[in-house]
**Q** 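Please read through the structure below; I'll follow up with questions.
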Amino acid sequence: QVQLVESGGGLVQPGGSLRLSCAASGGPIYSINDMGWYRQAPGKQRDLVATITTGGRTVYADSVKGRFTISRDNAKNTIYLQMNSLKPEDTAVYYCNAPKVWATYADYVNERYLRVWGQGTLVTVSS
């Protein structure tokens, strides 16, 4: 079964930077559609941070535009989130998401796909 494994979280001071990674592994992968990052602060709902298509088209939440950059390595089934100028309000658990993962070509043709979430990585922005 395919899993998404995030890494790169931690404690950083305001104004600092972190780079998150999310790699898909653990099972056969024929293709992955869009991938993205979401975050959930304590006591709040999970919100979109950024998404990226296989072709590299990106969408960002207004709160992170100009500070965060999402990128993707299709060959490695991996996405990244470069976070700069971090603010205390960026503190949250960051989750990687792949809403459509096709394990084989047959699954792709027959629209059988997995919806996969990572386990989350904590980002804390504090002095």
**Q** Do you know the tightest heavy-atom contact between L81 and A50?
**A** CD1-CB, 4.5 Å
**Q** Please report the closest heavy-atom contact between A24 and V2, naming both atoms and the distance.
**A** CB-CG1, 4.2 Å
**Q** Could you list all the disulfide (SG to SG under 2.5 Å) pairs where at least one residue sits in residues 24-72, not counting sequence neighbours?
**A** none
**Q** Taking side-chain hydrogen bond (donor to acceptor under 3.5 Å, both in side chains) as the test, write out the residues that go with Q45, two or more places apart.
**A** D47
**Q** May I ask whether L114 and L4 are part of the same hydrophobic cluster, defined by side-chain heavy atoms of I, L, V, M, F, W, Y residues being less than 4.5 angstrom apart, directly or through others?
**A** yes
**Q** Would you list the pairs meeting ring-ring contact (aromatic ring centres under 6.0 Å, His included) in which at least one residue belongs to residues 48-70, sequence neighbours left out?
**A** none
**Q** Among residues at least two apart in sequence or on other chains, which ones pass salt bridge (charged side-chain N to carboxylate O under 4.0 Å, His left out) with K87?
**A** none
**Q** Does I52 belong to the same Ile/Leu/Val/Met/Phe/Trp/Tyr cluster as W102, with side-chain heavy atoms less than 4.5 Å apart forming each link?
**A** no
**Q** Can you check whether P99 reaches N97 side chain to side chain, under 4.5 Å on heavy atoms?
**A** yes
**Q** If the condition is salt bridge (charged side-chain N to carboxylate O under 4.0 Å, His left out), which residues does D107 pass it with, not counting sequence neighbours?
**A** R112
**Q** Starting at CD1 of I32, measure out to CG of N77 and round the result to the nearest 0.5 Å.
**A** 4.0 Å
**Q** Do V64 and M83 come within less than 4.5 Å of each other through their side chains, counting heavy atoms only?
**A** no
**Q** Enumerate the ring-ring contact (aromatic ring centres under 6.0 Å, His included) contacts for residues 20-49, please, sequence neighbours excluded, ordered by first and then second residue.
**A** Y30-Y105, Y30-Y108, Y38-W117
**Q** Can you hop from I79 to Y95 via hydrophobic side chains spaced under 4.5 Å?
**A** no
**Q** At what distance, to the nearest 0.5 angstrom, does OG of S126 lie from CG of L86?
**A** 12.0 Å
**Q** Tell me the closest heavy-atom pair linking A98 and V101, and the distance in Å.
**A** CB-CG2, 3.7 Å
**Q** Of all residues at least two apart in sequence or in a different chain, which pass the salt bridge (charged side-chain N to carboxylate O under 4.0 Å, His left out) check with E111?
**A** K100
**Q** Can you see which heavy atom on T78 is nearest to which on A23, and at what distance?
**A** OG1-CB, 3.6 Å
**Q** Just to verify, what does Q119 make a side-chain hydrogen bond (donor to acceptor under 3.5 Å, both in side chains) with, not counting sequence neighbours?
**A** E6
**Q** Disulfide (SG to SG under 2.5 Å): which pairs involve residues 4-123, sequence neighbours left out?
**A** C22-C96
**Q** Hydrophobic clustering (ILVMFWY, side-chain heavy atoms < 4.5 Å, transitive) - are M35 and V93 grouped together?
**A** no
**Q** With sequence neighbours left out, write down each residue that passes side-chain hydrogen bond (donor to acceptor under 3.5 Å, both in side chains) with N84, or none if nothing qualifies.
**A** S17, Q82
**Q** Scan residues 53-63 for pairs that pass salt bridge (Lys or Arg N to Asp or Glu O under 4.0 Å), counting only residues two or more places apart or in two chains.
**A** D62-K65
**Q** Out of curiosity, does V12 fall in the hydrophobic cluster containing Y94 (side-chain heavy atoms, cut-off under 4.5 Å, transitive links)?
**A** yes
**Q** Nearest 0.5 Å, what's the OG-NZ distance between S25 and K76?
**A** 13.5 Å
**Q** Only one of T91, V125, T124 clears side chain to side chain contact (heavy atoms under 4.5 Å, CB included) with L11; which?
**A** T124
**Q** Any salt bridge (Lys or Arg N to Asp or Glu O under 4.0 Å) involving residues 16-40? Give me the pairs, sequence neighbours left out, ordered by first then second residue.
**A** R39-D90
**Q** Does a side-chain heavy-atom distance below 4.5 Å link T58 with T51?
**A** no
